[in-house]
Amino acid sequence: MQKKERFTRFIEYFTQHYPEPKTELNFGNPYELLVAVILSAQCTDKRINQISPALFARFPEPESLAAASADEVFTYIRSVSYPNNKAKHLVGMANTLMNQFGGEIPATVEELQTLPGVGRKTAHVILSVVYNEPTMAVDTHVFRVSHRLGLAPLTATTPLAVEKALMAHIPKQYVPKAHHWLILHGRYVCLARSPKCDVCALTEFCKYYEKIKPGFVGMS
DNA sequence: ATCCCGAGGG
DNA sequence: CCCTCTGGAT
């Protein structure tokens with residue numbers, strides 16, 4: 001199947017079955033989303049949602065977070081991955097927001113990436129979710145699912161290469177939705193360790209399934 | 001043992 | 001390119 005048709009089928013399927021996808025991270029404003037996304041690195045969204053209410057209550061805006069100690073922030077995030085690094089990142093991020101951006105969340109990749117703890121992936125999530133800009137944040141799910149579905153070539157071995165492959169074929173108005181589609185598909189169907197190919201509707205054009213599918217129905 | 005919406009540093 | 005940070009779920 002041609003690559004263009006893969007993208008067409010991918011978009012058609014999710015447009016029909018999941019027309020309004022959105023992040024599963026809980027947040028009430030761009031600042032809270034930024035905090036949640038920084039925390040979400042190598043951690044499940046469910047865990048972030050468990051600890052974020054107390055964190056947001058104690059640090060409701062960049063000003064209070066900037067004035068906090070990393071040690072205190074640590075006590076709120078000790079159950080997420082890399083709590084020491086992330087506590088420092090959050091305090092540094094809030095300080096940069098206050099000192100360089102007047103406490104507002106910047107709206108460009110370049111400015112966002114000057115914030116401690118914010119790399120290309122996190123910056124693109126903010127731009128996509130907050131500003132609805134056509135940026136493709138490539139995380140572990142997007143990376144894996146894109147390869148399996150044949151939306152990115154196997155030669156795309158870095159997140160940036162996968163990002164470019166996707167951006168070259170997804171119409172701009174679908175990019176923010178496609179980001180969530182790839183994540184949700186990866187999280188609930190196309191799992192890293194044991195993908196649920198038996199309930200997947202996309203096996204017809206999946207390169208991964210093409211390799212692992214049984215040769216005969218019913219064989220053990 | 002492997003994975004989860006990675007980023008910073010060497 | 002590599003390595004480290006690091007807790008909880010499966």
Side-chain angles (χ1 to χ4, degrees), chain A residues 14 18 21-27 30 32-52 54-55 70-71 73-97 105-106 109-149 151-152 155-163 166-167 170 175-196 208:
Chain A
F14 280 105
Y18 213 145
K22 58 181 181 180
T23 178
E24 293 186 335
L25 287 170
N26 295 334
F27 68 100
E32 290 187 357
L33 177 65
L34 181 55
V35 171
V37 176
I38 290 174
L39 290 175
S40 71
Q42 295 299 301
C43 190
T44 61
D45 284 8
K46 284 184 178 180
R47 175 144 304 280
I48 304 307
N49 290 336
Q50 288 174 358
I51 64 99
S52 62
L55 182 68
D71 285 345
V73 175
F74 176 88
T75 65
Y76 289 85
I77 66 171
R78 59 166 65 252
S79 68
V80 309
S81 304
Y82 319 133
N84 276 303
N85 283 347
K86 288 173 180 177
K88 295 172 186 172
H89 288 161
L90 288 179
V91 174
M93 178 274 286
N95 273 283
T96 303
L97 279 183
I105 311 300
V109 186
E110 292 75 16
E111 290 175 315
L112 283 165
Q113 284 198 233
T114 67
L115 302 171
V118 178
R120 186 175 184 86
K121 178 260 174 179
T122 298
H124 278 182
V125 171
I126 299 302
L127 291 175
S128 177
V129 174
V130 176
Y131 302 102
N132 198 35
E133 287 192 20
T135 58
M136 178 57 71
V138 178
D139 60 31
T140 181
H141 293 306
V142 174
F143 190 86
R144 178 182 70 254
V145 175
S146 296
H147 282 136
R148 286 182 177 171
L149 290 180
L151 302 180
T155 54
T157 56
T158 66
L160 183 60
V162 170
E163 174 189 327
L166 295 175
M167 292 298 290
I170 300 176
V175 169
K177 290 178 186 288
H179 164 67
H180 293 306
W181 287 334
L182 289 166
I183 285 177
L184 294 173
H185 190 60
R187 181 176 298 162
Y188 296 114
V189 180
C190 198
L191 310 186
R193 278 178 284 192
S194 336
K196 301 180 179 179
Y208 178 86

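To find a chain, count down the sequence lines: A is the first, B the second, and so on, and within it residues start at 1.
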> Quick one: side chain to side chain donor-acceptor pair (under 3.5 Å) partners of A:Glu163, sequence neighbours excluded?
Replying inline: A:Arg120
> With sequence neighbours excluded, what pairs up with A:Pro21 under the side-chain contact (heavy atoms from CB on, under 4.5 Å) test?
Replying inline: A:Tyr18, A:Lys177, A:His180, A:Trp181, A:Leu184
> Atom NE2 of A:His179 to atom C1' of B:dC5: distance rounded to whole Å?
Replying inline: 6 Å
> Between B:dA7 and C:dA9, how far is it from one P atom to the other, in whole Å?
Replying inline: 24 Å
> Any idea which heavy atoms bring A:Arg148 and A:Leu191 closest together, and the distance?
Replying inline: NH1-O, 2.8 Å
> Could you state the CE-P distance from A:Met93 to B:dG8, rounded to the nearest angstrom?
Replying inline: 12 Å
>> Rounded at 0.5 Å granularity, tell me how far CZ in A:Arg47 sits from OG in A:Ser79.
In response: 4.5 Å
> Say you pick atom P in C:dC5 and the same atom in B:dC5; how far apart are they, in whole Å?
Replying inline: 23 Å
> Under 4.0 angstrom, heavy atoms only, what part of the nucleic acid is A:Thr122 near: base, sugar-phosphate, or nothing?
Replying inline: sugar-phosphate
>> Using heavy-atom distances to pick each residue's nearest nucleotide on DNA chain B, tell me which of A:Pro116 and A:Asp45 is more 5'.
In response: A:Asp45
>> What is the distance, to the nearest angstrom, from the CG atom on A:Leu191 to the C1' atom on B:dC3?
In response: 10 Å
> Heavy atom of residues 181-188 of chain A under 4.0 Å from DNA chain C: which residues?
Replying inline: none
> Separation of A:Ile77 atom CD1 from B:dC4 atom P, in whole Å?
Replying inline: 21 Å
> From A:Ile183 CD1 over to A:Thr140 OG1, what is the distance, rounded to the nearest 0.5 angstrom?
Replying inline: 10.0 Å
> Rounded to the nearest 0.5 Å, how far does OG1 of A:Thr23 lie from NE2 of A:His179?
Replying inline: 7.0 Å
> Which nucleotides of nucleotides 5-10 of chain C have their base under 4.0 Å from a protein heavy atom (B), which only their sugar-phosphate (S), and which neither (-), written as one string 5' to 3'?
Replying inline: BBBSSB
> Atom CD1 of A:Ile38 to atom P of B:dC4: distance rounded to whole Å?
Replying inline: 20 Å
> When rounded to the nearest 0.5 angstrom, what distance separates CZ in A:Phe143 from CG in A:Leu182?
Replying inline: 13.0 Å
> CZ of A:Arg144 versus P of B:dG6: gap in Å, rounded?
Replying inline: 10 Å
> Rounded to whole angstrom units, what separation is found between the NE2 atom of A:His180 and the C1' atom of B:dC5?
Replying inline: 10 Å
Run the side-chain donor-acceptor check on residues 129-138 of chain A: report pairs under 3.5 Å with partners two or more places apart or on a different chain.
{"unit_1": "A:Tyr131", "atom_1": "OH", "unit_2": "A:Ile105", "atom_2": "O", "d": "2.9"}
{"unit_1": "A:Thr135", "atom_1": "OG1", "unit_2": "A:His124", "atom_2": "O", "d": "3.0"}

>> Regarding A:Pro159, tell me which of base, sugar-phosphate or nothing describes its non-hydrogen contacts under 4.0 Å with the strands shown.
In response: nothing
> Over how many whole Å does the gap from A:Leu90 atom CG to B:dG6 atom P extend?
Replying inline: 15 Å
> Who pairs with A:His185 by ring-ring contact (aromatic ring centres under 6.0 Å, His included), at least two apart in sequence or on another chain?
Replying inline: A:Phe14
> How would you label the contact of A:Val138 with the nucleic acid (heavy atoms, under 4.0 Å): base, sugar-phosphate, or nothing?
Replying inline: nothing
>> Less than 4.0 angstrom between a side-chain N/O of A:His141 and OP1 or OP2 of B:dC4, yes or no?
In response: yes
